[in-house]
Amino acid sequence: VQLQASGGGSVQAGDSLRIQCAASVRAALSRYVIGWFRQTPGKEREFVAAIALSGSSTYYSDSVKGRFTISVDSSKNTVSLQMMSLGPEDTATYYCAGRQGGCGGYGCSSRSIYRYWGQGTLVTVSS
């Protein structure tokens with residue numbers, strides 16, 4: 001499984017940005033959970049959003065709920081994260097991650113359940 005994140009960039013506070021994760025998988029993408037995490041220097045990688053592609057259930061951290069939307073384009077094997085009302089606190093390197101099957105008892109927000117990770121894409125929000 002290969003995951004490739006793209007779409008990061010520099011924006012102003014209040015702007016929107018969409019980042020994408022292109023997935024190269026052997027099994028059908030519908031068997032996977034794809035998550036987005038973000039990390040700033042000196043801090044732990046934190047959960048942002050996830051989508052369980054078997055049923056399109058979505059999960060969000062409290063800090064992005066209502067502002068970010070995760071979605072999938074199955075025809076392109078791509079998971080997108082639409083980010084709105086961005087603020088400087090959203091500045092981070094964003095990583096997509098994948099796991100085959102469900103999230104299990106730890107939940108989709110746990111880093112430990114994800115086996116596959118893409119490289120990051122940097123999002124910078126200026127005030």
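Scanning both residues, Thr121 and Ala5, for their nearest heavy atoms gives CG2-CB, 4.1 Å. In this structure, Cys108 and Tyr59 approach most closely via the heavy-atom pair SG-CE1, 3.5 Å. Considering every non-hydrogen atom in both Ala50 and Tyr114, the closest pair reads CB-OH, 3.6 Å. For Gln4 against Gln119, the heavy-atom pair with the smallest separation is CA-OE1, 3.5 Å. Thr40 approaches Ala92 most closely through the heavy-atom pair CG2-CB, 3.7 Å. Taking every heavy atom of both residues into account, Thr124 and Leu122 meet most closely at OG1-CG, 3.8 Å.
Counting non-hydrogen atoms of neighbouring residues, nucleotides and ligands closer than 6.0 angstrom, the CZ atom of Arg31 reaches no more than 12 such neighbours.
Here the two rings, on Phe37 and Tyr95, have centers that are 6.0 Å apart or farther. Here Phe68 and Trp36 keep their ring centres 6.0 angstrom or further from each other.
Atom OH of residue Tyr32 and atom OG of residue Ser30 lie 10.0 Å apart, to the nearest 0.5 angstrom. The OG atom of Ser57 sits 8.5 Å away from atom CD1 of Ile51, with the distance rounded to the nearest 0.5 Å. If you take OG on Ser63 and CG on Asp90, they are separated by 7.5 Å, rounding to the nearest 0.5 Å. Put simply, OG on Ser80 and CD1 on Ile34 are 11.5 Å apart, with the number rounded to the nearest 0.5 Å.
Under the 4.5 Å side-chain heavy-atom criterion for grouping Ile, Leu, Val, Met, Phe, Trp and Tyr, Leu17 is connected to Val64 within one hydrophobic cluster. Connection of Ile113 to Val79 is not established within any shared hydrophobic cluster, with ILVMFWY side chains joined at heavy-atom distances below 4.5 Å, either directly or through further cluster members.
A cation-pi contact, defined as under 6.0 Å to the ring centre and within 45° of the axis, is absent between Arg99 and Tyr116. At least one test fails for Arg111 against the ring of Trp117: distance under 6.0 Å to the centre or angle within 45° of the axis.
When hydrophobic residues (I, L, V, M, F, W, Y) are linked wherever their side-chain heavy atoms come within less than 4.5 Å, Met84 remains an isolated member.
Shown here are the side chain to side chain contact (heavy atoms under 4.5 Å, CB included) partners of Gln12, two or more places apart in sequence or in another chain: Asp15, Ser126.
Between Ser71 and Gln82, every side-chain heavy-atom pair lies at or beyond the 4.5 Å cut-off. Contact of the Ile19 side chain with the Val123 side chain is registered, since non-hydrogen atoms from C-beta on lie closer than 4.5 Å. In this structure, the side chains of Leu53 and Val33 stay at 4.5 Å or more apart for every pair of heavy atoms. Contact of the Leu81 side chain with the Thr69 side chain is not registered, since no non-hydrogen atoms from C-beta on lie closer than 4.5 Å.
With hydrogens and angles disregarded, no donor-acceptor distance shorter than 3.5 Å links the side chain of Thr91 to the backbone of Glu89. Judged by distance alone, with hydrogens and angles left aside, the side-chain atoms of Ser110 form no donor-acceptor pair with the main-chain N or O of Gly107 at under 3.5 Å. The backbone N or O of Ile70 lies less than 3.5 Å from a partner atom in the side chain of Tyr60, making a donor-acceptor pair.
Side-chain atoms of Arg38 and Tyr94 form a donor-acceptor pair, as typed in the model, at a separation below 3.5 Å.
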